[in-house]
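What follows is a single structure, and I will ask about it in a moment.
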Amino acid sequence: MQLMVAWAATGALPQPRLDAAVARFDKAVADLVPESWHRRRFGGTDWGVLVLHPADPGGYRWPPVATDGPVTAVSVGIPVGADGDDPVTLANRLLTGEDVHRDVVPPFALLALDRDRLALQQDWLGMARVFTGAADGITAWCTRPGLLADFLHGEARPDPAGWTSYLLTGHFGGDLSPLAGIRLLQPGERVTGRRRADGGWQLTTEIRYAADDVVRSGLADRDRPTDERLDRAADALTRSVAGLHRLHDGEVTLGLSGGKDSRLIAATLVAADRTPDLVTNDDTPAEGDVARELVRLLRDRRGLELPHRLTPAAPPETVLATGLRDRARRLAALHDHQFPSTYLTRPAARTRLPDQVRPPSLTGAAGELVVGFWYPRPDADPAPTPEQAAMSKLLAAVPRGTTTSEALAAERDRVTALTAHARELGLRDEHLIDYVYLVERMRRWCTAAYTTGMVTPFLAPGFVAASFAFTAAEKRARLPHTALIARLVPEWADVPFVSSATGPSRATRIWEGDGVAAVADLLDTVHGPLTELIRRPAVERELRTAARGGRPDPRVLAQFTALAVASERLEPDFTGPSTGATYERVTAPPRPRTSPESRLAGLRWLRRTRLGDRLWVMVRRRVRGR
């Protein structure tokens, strides 16, 4: 997505101070943004907006910046699902107080400006990456937390709460960010501002239509007939797919796996007479086999030829061409630490943002909301409460015992407050688990938040609402998927889904290549407070397992790598020189085990020495004297 920083001050700023803030921002983006990007800057002494975006719109009909008369609209993302207004019309509606984000598929945020007024609207899920912070009378908003810290302060300090959440959940939870004093805008959050006659801005913040409202609307439909609930889900999917086509010329790309989520989206496209470009990652061979069968069925029975390409997502020869430490540094720099550490086993990220906006694509993420993805087994004994199940699933980025007790307690308290809020909404059964998945996992973990045109149809508010109208039993039986696929593309109804346990994967493992050496060196060199959130002996134990040809827990190695690279960048005073000591320990051959016979022989030898004989007699006397 484009980069944006906007600010409003309580009074006019001295020009040197404003120039210094912009200069810090410019310096921070110099190595990140290609020279071909356009730069738009406008504002005054007490407010301003700076937007950088690719010069090539990539076929999108929704520009990141649009001005008509006194009104300017700055969009973060594209408003898939919204009415077909142009940006300035949508900005006018926002300035008059409308909830223009009600039907939008996240992520999307809109900043509207009109002379002495401004309005900034976050999407209903809070997924658009717009962060906020304040310093010395300036309130600012930015699409990257690091750039916001540079603009406001000129320095970045890590937020322990944010990194605690990242370690235990795999993402920054709630509104947390990697940096202290900076947070993500809340679901449905709206900032409105009016410029005072004597200069400076009066800002107010409120929560408008948000995730809780979507959930409540779904709960209100629980008693409707099954067909009506299915109709609502199908209509939401169709509207979101059609909405993307209204915003872009040409067909879209869909990652077609052998699973249920992408199949339902593909069925929606086929039923709408669209011919998406299908791509299947065949790291797991069964995925490729099922995807080929789906394409064959349409070709044989309908004469419909869908473009289909199979490719490995993370072939070792491509991934390992760049060392683990460099891959981790690139990933952190490109996405400001926001990406999950699971992406460390993907090919190395680029060192700069792309020159062009990527073509639109669809993802099956969030389909988990209608299949009981995080639900405990029906036969679990004892059966966990919904709160316990949600806690267990969310805090699974590292195994138990890997982190400090203080970090675990802090994150448990945060999630407990979240589940208590879900109870207040009326969520009593497994739907509480789905709520946690929605507002935590989908909001913060889903990488669609970082790319214009990567659309998640299952996050259409109508579909999310429908997901809370289906019963837990219907979700366990996969009713929404099976019923809708049978309705849209009956040819696919009898093809089994590929599960996560189907067949081995050829994807790269984090310890392969230089993985063991890289993590060992991080253990040696990086000792910042962030790395102390995870127990070093646990990391070394997994490294030793990898070095000896075993199967370590990849979560431990990946999460420590992410924390250590963040510490290098955010806590540079705690990084020292390499020693090689850890690598030497974990790669040392295991000590030979001593057999009982050899231990007995050693005792006999000791008995034959003069000192050994005296000790033997002393011990025997004491034993007999008892």
Side-chain angles (χ1 to χ4, degrees), residues 1-8 40 42-43 47-53 57 60-115 117-132 139-144 148 184-194 201 203-211 213-214 240 243-244 246-248 357 443 448-455 459-461:
M1 288 186 177
Q2 73 274 15
L3 301 181
M4 177 200 76
V5 62
W7 66 93
R40 308 282 294 276
F42 38 94
W47 72 281
V49 181
L50 180 59
V51 183
L52 292 84
H53 61 87
Y60 290 95
R61 302 189 188 96
W62 193 273
V65 181
T67 299
D68 186 2
V71 177
T72 295
V74 180
S75 299
V76 179
I78 53 177
V80 175
D83 292 338
D85 294 327
D86 62 90
V88 174
T89 301
L90 200 67
N92 269 309
R93 290 171 54 199
L94 175 58
L95 287 167
T96 59
E98 288 190 44
D99 285 338
V100 298
H101 63 297
R102 287 182 69 104
D103 297 322
V104 167
V105 178
F108 178 73
L110 180 65
L111 173 63
L113 302 159
D114 180 11
R115 292 192 181 95
R117 294 184 299 164
L118 70 82
L120 174 61
Q121 180 65 62
Q122 169 68 294
D123 64 56
W124 60 265
L125 184 55
M127 190 175 178
R129 294 304 188 254
V130 180
F131 297 85
T132 186
T139 300
W141 308 273
C142 187
T143 51
R144 291 171 65 99
L148 183 55
L184 186 67
L185 290 184
Q186 298 177 64
E189 184 172 353
R190 178 178 299 179
V191 181
T192 55
R194 283 194 172 274
W201 290 78
L203 301 176
T204 59
T205 300
E206 60 181 325
I207 302 299
R208 301 295 289 241
Y209 189 78
D213 299 298
V214 176
S240 63
L244 175 56
R246 284 197 300 271
L247 295 170
H248 186 272
V357 184
R443 182 189 177 200
Y450 305 94
T451 305
T452 295
M454 183 180 287
V455 178
L459 285 181

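Residue numbers count from 1 along this sequence.
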Can you find a heavy atom in the side chain of Thr205 that is under 4.5 Å from one in the side chain of Arg190?
-> no
Minimum-distance pair of heavy atoms, taken over all atoms of Ala82 and Val104 | CB-CG2, 3.8 Å
With sequence neighbours excluded, tell me which residues meet ring pair (Phe, Tyr, Trp, His ring centres under 6.0 Å) with Trp7.
-> Phe151
Without swapping roles, check the side chain of Asp114 against the backbone of Arg117 for a donor-acceptor pair under 3.5 Å.
-> no
Quick one: does Ile207's side chain get under 4.5 Å of Gln186's, heavy atoms only?
-> yes
Side chains of Leu184 and Arg129: closer than 4.5 Å at any heavy-atom pair?
-> yes
At their closest point, which heavy atom of Gly188 faces which heavy atom of Gln121, and how far apart are they?
-> O-NE2, 3.2 Å
Considering non-hydrogen atoms only, spot the tightest contact between Met127 and Ala448 and give its length.
-> CE-CB, 4.3 Å
Starting at CG of Asp99, measure out to CZ of Arg93 and round the result to the nearest 0.5 Å.
-> 10.0 Å
Between the side chain of Gln122 and the main-chain N/O of Ala128, is any donor-acceptor distance below 3.5 Å?
-> yes
Side chains of Thr67 and Phe42: closer than 4.5 Å at any heavy-atom pair?
-> no
Non-hydrogen side-chain atoms of Thr192 and Leu203 separated by less than 4.5 Å = no
Going from OG1 on Thr72 to CG on Leu118, what distance comes out if it is rounded to the nearest 0.5 angstrom?
-> 12.0 Å
Please assess Leu111 against Met4 for the test side chain to side chain contact (heavy atoms under 4.5 Å, CB included), listing each intermediate value before the final yes or no.
-> CA-CA 10 Å; Leu111 173 63; Met4 177 200 76; 4.1 Å; yes
From CZ (Arg246) to CD1 (Ile78), nearest 0.5 Å = 11.5 Å
Does the side chain of Tyr209 reach to within under 4.5 Å of the side chain of Val214, using non-hydrogen atoms?
-> yes
Taking atom OG1 of Thr132 and atom CD of Glu189, what is their separation to the nearest 0.5 Å?
-> 7.5 Å
Begin with the C-alpha distance, continue with both residues' side-chain angles, and end with the deciding distance and a verdict on side chain to side chain contact (heavy atoms under 4.5 Å, CB included) for Leu247 and Val80.
-> CA-CA 8 Å; Leu247 295 170; Val80 175; 3.9 Å; yes
Distance-only side-chain donor-acceptor flag, Thr89 / Asn92, under 3.5 Å = no
Rounded to the nearest 0.5 Å, how far apart are CZ of Arg208 and CG of Leu94?
-> 9.0 Å
Backbone N or O of Gly81 within a donor-acceptor pair of the Asp103 side chain at under 3.5 Å?
-> no
Where Gly77 and Trp62 come nearest, the two heavy atoms and their spacing = O-CD1, 4.2 Å
Which is it for Leu148 and Trp141 under the side chain to side chain contact (heavy atoms under 4.5 Å, CB included) test, yes or no, and what are the steps along the way?
-> CA-CA 7 Å; Leu148 183 55; Trp141 308 273; over 6 Å; no
Check Ala460 against Val105 and note the closest heavy-atom contact, atom names and distance.
-> CA-CG2, 3.8 Å
Side chains of Val100 and Arg102: closer than 4.5 Å at any heavy-atom pair?
-> no
So do the side chains of Leu110 and Val74 get within less than 4.5 Å of each other, counting heavy atoms only?
-> no
Give a yes or no on whether Arg194 atom CZ has more than 12 heavy-atom contacts from other residues, nucleotides or ligands under 6.0 Å away.
-> no
For Asp86, does the CG atom sit with more than 12 other heavy atoms under 6.0 Å from it, leaving out its own atoms?
-> yes
Would you sort out whether Tyr60 and Val357 count as a side chain to side chain contact (heavy atoms under 4.5 Å, CB included), showing the intermediate values?
-> CA-CA 9 Å; Tyr60 290 95; Val357 184; 3.3 Å; yes
How close do Ala8 and Trp201 get, heavy atom to heavy atom, and via which atoms?
-> CB-CG, 3.9 Å
Does Val51 offer a backbone N or O that forms a donor-acceptor pair with the side chain of Arg40 under 3.5 Å?
-> no
